[in-house]
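Here's the structure we're looking at; comments come further down.
Protein chains get the first letters and strands the later ones, always in sequence-line order, with residue 1 at the start of each.
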Amino acid sequence: MKRLKKKPNLLTCNTLINGLVKFPSLHSIRLGKQVFHDSIRLGVIPQTSTFNILILGCCLEGKFNEAVSFIEKMKDFGCFPDNVTYNTILGHLCKKGRLNEARDLLQDMREKGVTPNRNTFNILVSGYCRTGRLNEASKVIELMVKNDVLPDVWTYNMFIDGLCDGGRIDDAIKLRDEMENSKVLPDVVTYNTLINGCFAVGSSDRGFRLVEEMKEKGVVPNAVTHNILVKWYCKEGRMDEASERVRMIEESGVSPDKVTYNTLINGYCKAGNFSEAFRMMDLMGRKGFKLDTITLNTLLHALCEERKLNKASELLTSAYKRGYLLDEVSYGTLIMGYFKDGNADKALNLWNEMKEKEIIPSIITYNTAIAGLCQLAKTEQAVEKFNELLESGLVPEETTYNTIIHGFCREGKVEKAFEFHNKMVENSFKPDVITCNILLCGLCSEGMLEKALNLFNTWISKGKAVDGVTYNTMIATLCKEGRFEAAFNLVSEMKDNNLGPDQYTYNAILGALTSAGRMNDAEEFLSKIVEVGNFQGQSLQLAEKNVQSSESPKEFDPDSNACSKEIIELCNSRRYKDAMRIFEESNQKGVALSKSAYIVLMEGLIKRRKSISKAIK
DNA sequence: TTAGGGTTAG
């Protein structure tokens, strides 16, 4: 059309831009904008909907300033922003946790005379719930009601999700009952949210009961419901049951989707079963699902866990060239990998590379970088990142503050830790039990036991929650100082509060008695705990955890070695088809390959996609 | 053809 200088109609033009914008590939959004400019040149008169699609594209790329600038540009074409325009930007800002910017935009929306509708309110509710600010979410709901807009199933579902995220599963279920009373019927999303929430807090029984309950009430489980169950089995390391569940999904007539496969791939990688992970990736492709950013990120994660950072970095670069969308998770994964490897320079270089690509880090990625810097005793640099976070419009979390406080404590800068703690309070964040434990640990390791005891007593007298770690920290330090009586008082106090004692408590006491040369007391203490049976149970648990067979014995089989080597060499010279042939042959022979061989095969599956320059032509 | 909730990766 462009070549023939034919004017497309508006529908053709909008459809094409919409397709490009929504097709998740590296250059598709840029192409969408190009189609827009070409169409204008060919004489098409755009409408608000055209701009709304372009604005969606900007939002998907995280380019919010450009999205907002389109609102002004619209006027030149006689178009005016509507609810869709504002809701699109508001929704994506909220999704990214940029609530301050969302609030400003809402103001602008009102000034331009566009009335917020139910979607607008729901978007705000979801934004606040997502960031755990449930009080503010309730205020939005009150405002909704005042504006004669009644909360609907979406509003309830988002609030239920917020409650579940905060571990308040009982409140979430109460709200479900409340919505039923208000004649808003819970739907499959309500149940999925609750089921997921139950599994997240470890109440799997309740989760399974809810699955039965939804069926009884005539709410049909969908792929998401099944995926939540599959995820749970994977998390528990029960991979056989996970794959059995997938078989059941297929039998029940629901098709496993991309998420199902990505969940399984992740599960197998975490279980160290790279052969099944590879098989799933291959199957995913065969079933017509494209390997996407998530699949890529899962593999990146696995490579980082295996400490194969060069490979991970090379995969990131080649995937980019092949048109995969890299996101902040891709970068965050590798950044964390480098930090764990002690390589702050490479981690920070990647951070800059991410920024250059205009990929905007979320609070989680900031937390990753901040934690990485703190672990490498670069807490001052972590504070700089923290300030950068604030400037970017993101809201920090308790974790963010705790990480930095911990960093200062680890460096022995307890005073600075307390300064940052004060900053946390000034900014209306509530120090939690973790903050308390970090500060206590900081004081104790700097020999300020009296100050630690003061803090401990004040904390308890304020009625704030403590846990086993709090007690163990104090008990260990008291023992080290030889104040065994005070330590034992705390042991019985922690027993009264059902917080222990556990193996850490026993180890602290035994260790201190031994190093004080009180061998008889130590032995007596040991026999006492063995009598009670606690210690045995604990140590048995530890022993079980330590049993891991990472490499299967079959790997030492000469056939396996030869095949693995050949596959790696073929993949390195990009002869993936030949590598697959060897893989299939060895599979038939029942020869297991080495972990590395499976990893290169997985990389091969990712890299086999045509490179983006070829795809555009 | 355009906006909001639940599942996957850091």
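For DNA chain B, the residues of residues 329-342 of chain A within the heavy-atom distance limit of 4.0 Å (strictly under) are A:Val329, A:Thr333, A:Met336, sorted by number.
Partners of A:Glu178 according to the salt bridge (Lys or Arg N to Asp or Glu O under 4.0 Å) rule, which considers only residues two or more places apart in sequence or in another chain, do not exist here.
Comparing B:dA9, B:dT8, B:dA3 against the side chain of A:Asn119 picks out B:dA3 as the nearest. The A:Ser49 side chain lies nearest to B:dT1 when the options are B:dA3, B:dG4, B:dT1. Distance from the side chain of A:Asn227 is smallest for B:dT7 among the nucleotides B:dG4, B:dT7, B:dA3. Here the nucleotide nearest the side chain of A:Thr263, chosen from B:dA3, B:dG4, B:dT8, is B:dT8. Comparing atom distances between the A:Asn122 side chain and each of B:dA9, B:dT2, B:dG4 picks out B:dG4 as nearest. Counting only heavy atoms from C-beta on, A:Thr298 has its side chain closest to B:dA9 among B:dA9, B:dT7, B:dG4. The side chain of A:Ile294 has B:dA9 as its nearest neighbour among B:dT1, B:dA9, B:dG4. Checking B:dG4, B:dT1, B:dT2 against the side-chain heavy atoms of A:Asn52 singles out B:dT2 as nearest. Picking from B:dT1, B:dT7, B:dA3 the nucleotide with the shortest atom distance to the side chain of A:Val84 gives B:dA3.
Side-chain contact check for A:Asp161 and A:Asn196: no donor-acceptor pair (N or O, by modelled atom type) lies under 3.5 Å.
Taking side-chain N and O atoms only, A:Asn266 has no distance below 4.0 Å to OP1 or OP2 of B:dT8. Close to B:dT8, at under 4.0 Å from its OP1 or OP2, lies a side-chain N or O of A:Lys231. The phosphate of B:dT7 has OP1 or OP2 within less than 4.0 Å of a side-chain N or O from A:Asn196.
Not a single donor-acceptor pair, N or O on each side, falls under 3.5 Å between the base of B:dG4 and the side chain of A:Asn83.
Using a 4.0 Å heavy-atom distance criterion, A:Ile228 is classed as a sugar-phosphate-only contact. The residue A:Asp165 sits apart from the nucleic acid: no heavy atom pair falls under 4.0 Å. In this structure, A:Ile53 reaches the bases: a heavy-atom distance under 4.0 Å links it to at least one base atom across the strands shown. Within the 4.0 angstrom heavy-atom criterion, no nucleotide atom of any strand lies near A:Asp257.
B:dA3 has no stacking from A:Tyr86 on its base ring, since the centres under 5.5 angstrom apart and planes within 30 degrees of parallel are not both found.
Identified under the salt bridge (Lys or Arg N to Asp or Glu O under 4.0 Å) test for residues 206-219 of chain A, with sequence neighbours left out: A:Asp170-A:Arg206, A:Arg176-A:Glu213, A:Glu180-A:Lys217, A:Glu212-A:Lys215, A:Glu213-A:Lys217.
Under the 6.0 Å distance and 45° angle rule, A:Lys258 does not count as a cation-pi partner of A:Tyr261. Geometrically, A:Lys385 engages A:Trp351 in a cation-pi contact, judged by NZ or CZ lying under 6.0 Å from the ring centre and within 45° of the ring axis.
Using a 30° and 60° split on the angle between ring planes, A:Phe278 and A:Tyr598 fall in the tilted class, from 30° to 60°.
Evaluated for a side chain to side chain donor-acceptor pair (under 3.5 Å) with A:Asn87, the options A:Asn119, A:Asn122, A:Thr120 yield exactly one hit, A:Thr120.
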